[in-house]
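Structure first, commentary second.
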Amino acid sequence: MKFATKAIHAGIEPDPTTGAIMTPIYQTSTYVQESPGKHKGYEYARTQNPTRTVLQNNLAALENGKHGICYASGLGATDAILKLFRPGDEIIASNDLYGGTYRIMVRVFQEFGLKFKFVGLDNPANLEAAITSATKMVWIETPTNPLLRLVDIAAIAAITKQHGLQLVVDNTFASPYLQNPLDLGADIVVHSVTKYLGGHSDTVMGAIVLNDDEIAQRLAFIQNACGAVPGPQDCFLVLRGIKTLHIRMQRHCENAQKVAEYLQQHTKVSQVYYPGLESHPGHELAKQQMRGFGGMLSFTLHGDSMPEAVRVMESFEVFSLGESLGGVESLCTHPASMTHASIPKEEREKNGLKDTLIRLSVGIEDVSDLIQDLEQAIG
Ligand SMILES: *Cc1c(COP(=O)(O)O)cnc(C)c1O
């Protein structure tokens with residue numbers, strides 16, 4: 001099955017009792033048993049819920065993986081993966097990470113004795129140099145947030161395989177429509193489903209997709225034992241959102257390309273970070289490992305004036321100023337004070353994240369309205 005067909009059909013059957021074509025919202029906490037221990041495969045809704053099961057199977061199909069496991073948020077999924085490790089285990093992560101991922105690593109799991117190293121993994125040679133006998137896992141995002149750097153998944157996977165390490169890819173920015181890390185050699189894919197998969201800014205959820213049976217069983221155990229499960233209504237909303245993922249992503253990519261090209265020629269803009277631009281250092285790699293360049297981009301203004309960046313963000317009429325991304329509506333964010341505020345300023349600047357950087361999640365509105373909005377806001 002091709003992607004668009006899988007988005008609409010994979011893992012989804014008409015409801016066996018009524019024939020309802022849409023998966024029902026099984027809003028229940030428990031299931032009646034015929035006799036103690038004799039049931040239909042469902043005992044308690046933290047452990048299993050039919051709406052969730054359908055979504056998990058659909059997500060697995062979209063990432064070309066065997067197992068899908070959903071959590072109450074993207075960070076709930078990250079939490080489950082980090083719980084696979086023990087004190088003293090070392091994780092190497094890219095230094096251009098979602099702020100919340102950095103925070104759970106450093107502020108939560110480091111306190112429990114896990115060790116973290118943050119390295120620029122857009123150069124795979126840096127990984128080889130960072131690996132020690134304690135290293136167990138490598139964690140990357142690509143394209144990265146908010147600088148849209150590209151990390152070569154296949155090159156990193158070749159190194160992790162050689163050293164027997166797990167490779168996790170946060171595929172939130174690309175979505176499974178544009179990139180499938182498992183096909184490129186990754187072991188585990190993690191998503192903030194909140195973003196493109198849900199697609200309508202109405203749900204918070206996370207997911208993991210992987211092939212390994214044993215690790216999948218441990219992650220499902222953690223899902224049940226620790227309890228960060230999504231509710232059935234949210235699973236329904238995401239199933240509904242996914243049915244148009246391919247169409248939405250096509251328009252996100254088209255609009256973002258046009259917005260990036262517009263910004264690039266603007267006299268007040270100093271730098272545009274978008275993998276679809278030929279000037280982007282990851283452009284060739286993006287063409288190889290992605291099927292489109294996505295809907296996310298960042299830019300800075302000449303002079304790096306903070307009041308000027310703030311004035312632009314306050315002047316938008318179509319773009320809304322808010323955290324998050326991947327919804328049908330266009331959003332703008334100020335990473336330094338919003339999504340990445342949990343990373344110390346010194347650490348941010350070391351990684352090239354300026355306080356004047358503006359990040360856009362380009363929505364699927366009419367692109368001429370988006371460009372006009374940028375025109376009037378930047379001036
Ligand atoms: C939003 C986000 C997360 C965290 O997901 P939540 O659903 O907000 O918990 C992780 N990674 C990336 C790249 C994100 O954008």
Side-chain angles (χ1 to χ4, degrees), residues 55 59 63 68-83 91 93-109 118 121-122 139-151 153 168-179 181 186 188-209 223 226-231 234-235 237-238 241-242 249 252 256 273 275 290 294-298 322-327 331-336 338-343 351 353 357 359-363:
L55 173 61
L59 285 167
E63 281 290 10
I69 310 166
C70 289
Y71 296 84
S73 68
L75 285 173
T78 301
D79 175 77
I81 295 171
L82 294 174
K83 284 173 179 157
I91 290 148
S94 74
N95 63 5
D96 190 7
L97 279 188
Y98 174 71
T101 305
Y102 177 86
R103 182 177 56 202
I104 193 174
M105 288 176 171
V106 171
R107 300 276 304 278
V108 180
F109 281 91
F118 299 93
L121 295 178
D122 44 343
W139 188 290
I140 61 175
E141 272 176 35
T142 180
T144 66
N145 179 15
L147 294 170
L148 286 305
R149 290 191 181 120
L150 267 284
V151 179
I153 299 173
V168 179
V169 178
D170 181 336
N171 204 26
T172 301
F173 264 39
S175 89
Y177 179 68
L178 298 179
Q179 176 171 277
I188 298 176
V189 175
V190 59
H191 276 284
S192 171
V193 174
T194 313
K195 316 294 169 55
Y196 286 107
L197 284 161
H200 295 75
S201 309
D202 52 12
T203 318
V204 172
M205 196 190 296
I208 297 172
V209 179
Q223 181 194 40
C226 300
V229 292
D234 286 351
C235 294
L237 286 171
V238 172
I242 287 174
M249 291 314 296
H252 282 296
Y273 303 80
M290 301 175 74
M296 298 301 300
L297 63 89
S298 296
E323 299 205 8
S324 200
L325 61 108
L331 286 179
C332 93
T333 311
H334 179 234
M338 296 163 73
T339 52
H340 288 61
S342 51
I343 300 175
N351 301 336
L353 201 181
L357 188 91
R359 190 191 80 182
L360 302 180
S361 170
V362 180

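Note that the structure is predicted; figures quoted are calculated from it, not measured. Read the numbers this way: they start at 1 and go in the same order the structure lists the ligands and their atoms.
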For the side chain of [X] and the backbone of [Y], is there at least one donor-acceptor N/O pair under 3.5 Å apart?
X	Y	value
Gln223	Val229	no
Asp234	Thr203	no
His252	Met296	no
Thr172	Ser192	yes
His200	Val238	no

request  = Tell me which part of Leu325 gets within contact of ligand 1: side chain, backbone, both or neither, using heavy atoms under 4.0 Å.
outcome  =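 Side chain only; the backbone of Leu325 stays clear of ligand 1.
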
key: Part of Leu75 with heavy atoms under 4.0 Å of ligand 1, whether side chain, backbone, both or neither   =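 Both the backbone and the side chain of Leu75 come within reach of ligand 1.
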
State the atoms of ligand 1, each with its element, that fall below the 4.0 Å cut-off from a heavy-atom position in [X].
X	answer
Asp170	10 (C), 11 (N), 12 (C), 13 (C)
Met205	7 (O)
Ser73	7 (O), 9 (O)

If you have a sec, work out which protein heavy atom is nearest [atom] and how many Å separate them, to one decimal?
atom	value
atom 5 (O) of ligand 1	Ser192 OG, 2.9 Å
atom 15 (O) of ligand 1	Lys195 NZ, 2.7 Å
atom 4 (C) of ligand 1	Tyr98 CE2, 3.4 Å

Option among Asp96, Leu97, Leu121 that satisfies the side chain to side chain contact (heavy atoms under 4.5 Å, CB included) test with Thr144 =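 Only one of Asp96, Leu97, Leu121 forms a side chain to side chain contact (heavy atoms under 4.5 Å, CB included) with Thr144, namely Asp96.
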
query = Is there a side-chain contact between Phe173 and Thr142 (heavy atoms, below 4.5 Å)?
reply =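 Side-chain contact under 4.5 Å: no.
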
When you compare ligand 1 with [X], is there at least one nitrogen or oxygen pair between them that comes in under 3.5 angstrom?
X	value
Asn145	no
Thr194	yes
Phe173	no
Gly76	no

key: Ring-ring centroid check Phe118 Tyr102, cutoff 6.0 Å   =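 Yes: the rings meet the under 6.0 Å criterion.
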
